[in-house]
Every structure is written in structure tokens, then in C-alpha cells.
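Reviewing the structure listed below.
Positions are given from 1 along the sequence. Only this structure's heavy atoms are used, side chains among them; waters, hydrogens and symmetry mates stay out. Every number for a ligand or one of its atoms is a count from 1 in the order of the listing.
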Amino acid sequence: MKRFRRLRSAENIRRIVRETHIDKSSLIYPVFVEEGENIKKPVDSMPGVFRYSVDRLGEILAEIRSANIGGLLIFGIPKHKDELGSCAYDDNGITQQAVRYIKSEYPEMLVIADVCLCEYTSHGHCGVVHNGRIINDETLPLLAKMSVSLANAGADIIAPSDMMDGRVAAIRKALDENGFGDTPVMAYSAKFASGYYSPFRDAAESAPSFGDRRTYQMDCANGREAMLEIEEDIAEGADIVMVKPALAYLDLVRAARDRFDMPLAAYNVSGEYSMVKAAAQNGWIDEKRIVMENLTAIKRAGADIIITYHALEAARWIDEEK
Ligand code: PBG
Ligand code: ZN
């Protein structure tokens with residue numbers, strides 16, 4: 001009989017045979033910034049997450065800095081929303097202002113800019129709307145313009161999350177033509193139409209005012225199609241690809257890892273975070289254990305980069321273990 005328990009007998013043995021470790025450098029923390037002054041507003045559906053105005057962004061940046069995680073993913077919430085999401089590609093838009101501020105205070109901090117129109121459009125869809133339909137090819141130039149504007153503000157990585165076809169190619173071309181040939185694109189490649197995004201839409205005020213996102217985000221039943229989406233984004237020039245959400249899609253994180261020799265990100269989304277927080281607040285689970293187990297599972301499935309609202313707390317727990 002094989003004595004598996006020999007290597008489990010004490011922590012000093014367990015730790016030398018442990019197969020998966022989470023590096024703090026692989027964690028990315030999402031940050032919400034809104035227009036206005038002196039704002040640090042809790043997001044009701046995401047305990048521990050806040051929306052900041054630029055003048056108070058320094059508070060969370062200091063935490064990110066001292067946690068020494070990989071970087072942040074910035075989401076802007078403008079005051080003015082219109083049909084075409086014009087604040088998204090305004091060089092003085094809220095997101096551009098925030099990126100400029102971050103890079104001036106912390107030049108070495110990695111700033112990933114989410115590129116999508118839904119926080120900026122009056123209808124809350126991720127693209128241009130005509131007669132209740134989301135028009136793919138009319139959206140592409142706007143996403144390209146937004147990407148150039150954010151790169152120009154200082155964003156280190158451009159991360160399109162809209163799920164329009166052909167957007168990686170359009171963005172890559174626009175970045176190259178505007179002197180940002182060295183700015184990488186992290187594509188939300190296999191992004192599913194998921195119920196797990198609702199706390200985020202509450203945080204970012206980006207819920208669609210009619211219909212849903214099923215005509216552009218993927219059907220949660222489709223794993224093979226996810227591989228085609230990733231393959232296409234690589235062909236169009238993506239430098240990093242992503243599976244989103246993470247936990248309910250770990251089979252696809254693993255499949256993508258086995259299939260593509262590309263840096264792979266997984267997005268541990270808002271609903272995944274809020275469910276853990278709610279159960280922890282009720283005393284039903286041990287939050288630290290559950291969070292570390294979830295993050296380890298995402299890493300074990302093959303993700304190199306984990307975008308997570310748990311990043312700051314996880315960084316502390318990783319330090320404690322050392
Ligand atoms: C914008 C965007 C969304 C998320 C990231 N970028 C929302 C959506 O697609 O509706 C979701 C993130 C999360 O739930 O944490 N398109
Ligand atoms: Zn969107």
C-alpha cells in the first residue's frame with residue numbers, strides 16, 4: 001500500500017511537496033474611480049470595495065503599493081453618459097484623469113485599463129446601439145479611440161472587455177499607428193454572459209437599460225467556442241488572453257493553458273467575490289481559507305494572472321504564510 005500520508009504528516013513536509021503557489025505579483029486588483037471630490041463610497045453589493053474620486057485615489061494606491069501585488073485594473077464611472085459613450089475616449093475623461101494621476105504618483109505601478117463602452121453609454125451596452133441592436137463594426141473605431149486615449153494617458157496595458165468581433169485587431173492597429181507599438185493588449189477573450197457580473201454592474205453603474213449582453217458575450221454552455229475566441233484574439237495580436245469568470249469556468253482555464261502557450265489571465269469576478277464575502281459575514285465559512293483555496297484552484301487550473309477583488313487581503317495572507 002502506498003503511504004500517501006507520510007508526506008502529509010507535518011506542515012514542514014507538506015510545504016516542500018506543495019505543487020501550486022500563488023505569487024503576489026500575479027494578482028491584479030480592480031479599482032473604481034468616479035467623478036467628483038472627496039469620495040470614498042462603499043459598493044453595497046461588494047463589501048470591502050469602494051469607489052474613489054481622483055483626489056482620494058491615493059488611499060487605495062498606497063495599499064496596492066504596500067501589498068506589492070502585480071498591478072491594478074482601472075474602471076471609470078463618468079457623470080455624463082450618452083448614446084456613443086463619448087467620455088470613454090475623451091482625453092480628459094475620468095478614466096484618463098485617473099490613469100494620469102496614478103502614473104504621476106506611482107510611475108512604476110502597473111496600470112491596466114479596461115476598454116469597454118458600457119460604463120459610458122446611456123443605454124449601458126458595450127457597443128453602439130441602433131434600433132435596439134448592438135452594431136459590431138460601428139463600435140470598433142470607438143474602442144480603438146478609447147484605447148489610444150488611455151495609452152496616451154499612461155496606461156501600461158489595454159484590456160478590451162466588450163466582446164465585439166475584430167476589436168483586438170482594430171485596437172492593435174490603432175495603437176501601432178499612434179506610437180503605442182509597445183503597449184500590450186490583454187484581451188478578455190473568452191468572456192461569458194454571466195450572472196456573476198451583477199455586483200460589478202451595481203459598482204460601475206453599467207447594467208444594460210434594455211435586454212442583456214447575450215448577443216455579444218458568450219453562452220455559458222460553450223467550451224469549444226471559447227477556444228476559438230482565444231485563438232482568434234491571438235491571431236489578431238493579443239499579448240495576454242483571458243477566461244472570465246474564473247471559478248465556474250476552470251475547465252476552460254485548464255483547456256486554454258494546455259492549448260495556447262500564451263500568458264493566461266483569469267478574472268475572479270464580482271459575484272464570485274460577493275458570495276464569499278456574504279457567507280463569511282454570516283460566519284458560515286472561514287474567509288481566509290476559502291479565498292486562498294479559490295485562488296489556488298484558479299492557479300492550479302493554469303492561470304498566470306488572477307484579477308481579483310480579494311487581491312489586497314490575499315497578499316496579506318500570503319505574507320503571513322511566509
Ligand atoms: C465591462 C466589464 C464588466 C466586467 C469587467 N468589465 C461587466 C460586464 O461585462 O457586464 C465584469 C467584472 C466583474 O463582474 O467583476 N464590460
Ligand atoms: Zn462592457
- Query: Which hydrophobic side chains are connected to Ile13, either touching it within the sub-4.5 Å cutoff or through other members that do?
  - Reply: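 Members other than Ile13 - counting any ILVMFWY side chain reachable under 4.5 Å - are Leu7, Ile16, Val17.
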- Please write out which residues are connected to Leu228 in a hydrophobic cluster, directly or through intermediates, given that two of Ile, Leu, Val, Met, Phe, Trp, Tyr count as joined at side-chain heavy-atom separations below 4.5 angstrom.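 Besides Leu228, the cluster holds no residue at all.
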Ligand-side contact atoms (ligand 1) for residue partner [X], heavy atom cut-off under 4.0 Å:
{"X": "Tyr309", "result": "12 (C), 13 (C), 15 (O)"}
{"X": "Lys244", "result": "2 (C), 3 (C), 4 (C), 5 (C), 6 (N), 11 (C), 12 (C)"}
{"X": "Cys118", "result": "1 (C), 16 (N)"}
{"X": "Cys116", "result": "16 (N)"}
{"X": "Tyr267", "result": "12 (C), 15 (O)"}
{"X": "Ser161", "result": "1 (C), 2 (C), 6 (N), 16 (N)"}

- So, the side chain of Lys24 versus the backbone of Ala67: is there a donor-acceptor pair under 3.5 Å, distance only? yes
- Is a side-chain donor or acceptor of Ser206 paired with a backbone partner of Glu119 at a separation under 3.5 angstrom? no
- Within a distance under 2.8 Å of the Zn ion (ligand 2), the protein atoms of type N, O or S are Cys116 SG, Cys118 SG, Cys126 SG
- Query: Relative to the ring of Phe192, is the ring of Tyr249 parallel (under 30°), tilted (30 to 60°) or perpendicular (over 60°)?
  - Reply: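 The arrangement is parallel - the two ring planes meet at less than 30°.
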- Counting heavy atoms only, name the option from Lys191, Glu272, Arg213 that's nearest to atom 2 (C) of ligand 1. Lys191
- Item | Residues in salt bridge (Lys or Arg N to Asp or Glu O under 4.0 Å) contact with Lys277, at least two apart in sequence or another chain |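 Per chain and number, Lys277 pairs via salt bridge (Lys or Arg N to Asp or Glu O under 4.0 Å) with Glu287, Glu313.
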